[in-house]
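Single-structure report; data block below.
Side-chain atoms are counted along with the backbone in the values below, which use heavy atoms only and exclude waters and symmetry mates.
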Amino acid sequence: MHKYHFQLMNLGHALNHFFILIFPTAILGIQQDWGMSYDELLRLGSLGMLAYGLGSLPSGWLGDRWSKRAMMLLFFFGMGIAAIFTALAQTPFQLSIGVIAIGLFASIYHPVGIALVFATTEKTGRAIAINGLAGNIGLACAAAVTAYLTQTINWQSAFFIPGILCVLIGMVYGRVSKDVSYKQQNKTQQTPVSQNQLLRLLLAIAIIATFGGLVFQTITAALPKILQDTFTLPLSQIGLLATGIFTLAAFAQLIIGELIDRISAKRLLFCVVGGQTSFLLLASFTSGWMLVLCLTGLVFSTYAQIPINDWLIGKSTSDKWRSTVYAVKYMLSFTTGPIAYWLIAYSYSTPSETASHFSSLYWLLAGVMCLSMAAVVFMPGEKTSSVKQSTRSVVPNR
């Protein structure tokens with residue numbers, strides 16, 4: 001059952017990112033039906049991103065104190081039912097309630113699901129990378145599937161059909177997870193660090209997660225609109241192009257998963273954060289297909305950052321409070337969502353006469369990533385441990 005459990009955890013990660021990114025593409029159809037502006041709807045959607053970020057902390061706490069399995073069941077059923085409710089919305093207020101509910105239930109996955117993946121697999125670096133790839137594929141598919149359903153049926157179907165699917169997968173997870181036991185990682189597996197070094201590490205990760213999260217949320221939400229403004233293409237083709245960029249960049253996590261046990265995590269992190277900064281600066285000067293190339297590099301390096309942070313947290317924290325630490329990290333990362341939505345809306349509504357709608361946005365994001373580079377330098381160096389992973393005891397599923 002462990003094999004199927006891991007596969008369902010990967011599918012859950014894919015659904016998590018898929019559901020969060022339905023709205024940024026669906027609003028291109030909603031604005032036509034309801035006669036609302038793009039920036040007005042985007043500000044409405046920022047409430048869902050706020051719930052997505054703030055919900056991470058109580059989700060992680062409940063995962064550690066109550067039951068990880070029960071929280072994952074709540075994730076599947078809650079997110080699916082919330083999406084079905086959103087499809088039935090008749091007013092902007094109802095739509096906002098639905099989006100908030102999706103964000104709240106989606107917030108369960110990262111603090112609980114990532115901790116489960118770390119606790120139930122042996123090659124943790126590779127497992128987290130594969131799980132991250134699954135999430136990114138879900139993110140990549142969101143733009144294309146949502147655009148296709150919106151264009152061929154209506155925007156409501158873009159929420160309703162995935163909602164039904166999520167509920168069905170929740171039923172399967174409930175059956176598979178009954179007999180799964182969690183494998184307690186032995187404390188000797190953790191990298192030995194002093195309290196001062198641990199605090200420095202977690203502070204650096206907090207800064208990197210916050211600013212990296214802002215870049216992640218901004219680019220993933222704005223990409224369909226950036227492409228629509230750059231090329232004169234139908235909505236379905238814009239969705240396919242966005243999906244192509246996300247899919248290509250998603251394989252960054254597999255590369256990181258293979259490198260992280262061989263190369264210093266701090267060195268890897270500095271390279272990918274530097275890559276984010278460089279591609280943002282290049283994006284402000286380019287247009288057309290060169291802009292697409294820069295954005296692909298940006299998404300690639302942004303994806304590459306995520307498993308490094310998760311691996312560092314997993315290696316340096318105990319099982320008793322790992323979900324809570326992940327919760328804090330993802331709360332900081334995801335609560336930048338509303339800020340990202342407001343920055344996109346402001347940048348789009350106040351274009352420069354000599355540059356694109358989003359040029360000032362690229363410069364601002366490049367500036368905050370410079371602070372992330374400083375945080376990597378502040379991060380303590382890694383100690384090489386001669387103690388390899390020892391046998392793991394099995395603890396009951398709860």
Side-chain angles (χ1 to χ4, degrees), residues 10 13-22 24-25 110 114 125-126 128-147 208-209 211-228 230-231 237-260 268-284 286 288-311 330 333-334 336-337 340 344 358 361-362 365-366 368-369 372:
N10 293 337
H13 199 187
L15 287 172
N16 175 273
H17 285 286
F18 182 97
F19 273 69
I20 286 299
L21 282 182
I22 292 174
T25 302
H110 286 91
I114 301 296
R126 180 177 296 176
I128 287 177
I130 292 172
N131 183 258
L133 174 64
N136 292 334
I137 290 175
L139 183 152
C141 292
V145 173
T146 302
I208 296 163
F211 294 132
L214 180 61
V215 173
F216 179 87
Q217 303 291 349
T218 303
I219 297 303
T220 54
L223 188 60
K225 191 62 177 177
I226 294 172
L227 296 175
Q228 188 181 58
T230 304
F231 304 104
Q237 292 185 28
I238 291 295
L240 283 173
L241 183 55
T243 294
I245 293 173
F246 289 138
T247 302
L248 182 63
F251 288 93
Q253 295 200 357
L254 283 184
I255 297 172
I256 292 297
E258 295 300 321
L259 292 177
I260 202 164
L268 277 176
L269 198 53
F270 187 83
C271 290
V272 297
V273 171
Q276 288 174 280
T277 308
S278 301
F279 283 119
L280 281 164
L281 291 172
L282 288 171
S284 64
T286 56
W289 287 106
M290 282 301 298
L291 175 60
V292 172
L293 187 62
C294 288
L295 292 175
T296 303
L298 173 60
V299 179
F300 186 94
S301 53
T302 299
Y303 282 178
Q305 181 198 118
I306 299 169
I308 304 175
N309 289 334
D310 287 342
W311 186 86
Y330 280 105
S333 179
F334 292 150
T336 60
I344 297 167
F358 299 103
L361 189 64
Y362 301 139
L365 295 177
V368 299
M369 289 314 297
S372 290

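- Minimum interatomic distance between A221 and P24 (heavy atoms only, all atoms of both residues): O-CB, 3.9 Å.
- Looking at S301 and F279, their side chains come closer than 4.5 Å, going by heavy atoms from C-beta outward.
- When atom types are taken as modelled, the side chain of H13 and the backbone of N131 share a donor-acceptor pair closer than 3.5 angstrom.
- When side chains are defined from C-beta on, V215 counts as touching L298, because their heavy atoms get closer than 4.5 Å.
- Between the side chains of D310 and Y330, at least one donor N or O lies within less than 3.5 Å of an accepting N or O.
- The shortest non-hydrogen separation linking I344 to A222 is CD1-CB, 3.7 Å.
- Ring geometry for H110 against H17 counts as perpendicular: the plane angle is over 60°, on a 0 to 90° scale with 30° as the lower cut.
- In this structure Y303 satisfies the side chain to side chain donor-acceptor pair (under 3.5 Å) test with no other residue, sequence neighbours excluded.
- T146 has its side chain out of reach of L21: every pair of non-hydrogen atoms, C-beta onward, lies at least 4.5 Å apart.
- For the pair L361 and L280, the minimum side-chain heavy-atom distance is 4.5 Å or more.
- Taking every heavy atom of both residues into account, T218 and L214 meet most closely at OG1-O, 2.6 Å.
- Under the 4.5 Å side-chain criterion, counting only non-hydrogen atoms from C-beta, I245 is not in contact with F300.
- Residues satisfying the side chain to side chain donor-acceptor pair (under 3.5 Å) test with Q276, not counting sequence neighbours, are T302, Q305.
- Judged by distance alone, with hydrogens and angles left aside, the side-chain atoms of T243 form a donor-acceptor pair with the main-chain N or O of A144 at under 3.5 Å.
- Residues P224 and I238 approach most closely at O-CG2, 3.4 Å, considering heavy atoms.
- At a threshold of 4.5 Å between non-hydrogen side-chain atoms, the residues F231 and L241 count as touching.
- Y362 is listed as a side-chain neighbour of L291, based on a closest heavy-atom distance under 4.5 Å.
- With I308 as the partner, the side-chain contact (heavy atoms from CB on, under 4.5 Å) test is satisfied by one option alone out of L259, I208, I256: I256.
- Atom-to-atom distance recorded for T296:OG1 and W289:CH2 is 9.0 Å, nearest 0.5 angstrom.
- Side-chain atoms of F246 and V299, non-hydrogen and from C-beta on, do get closer than 4.5 Å to each other.
- Checking side-chain atoms of T336 against main-chain N and O of S333 turns up a donor-acceptor pair under 3.5 Å.
- Minimum interatomic distance between T277 and A366 (heavy atoms only, all atoms of both residues): CG2-O, 3.8 Å.
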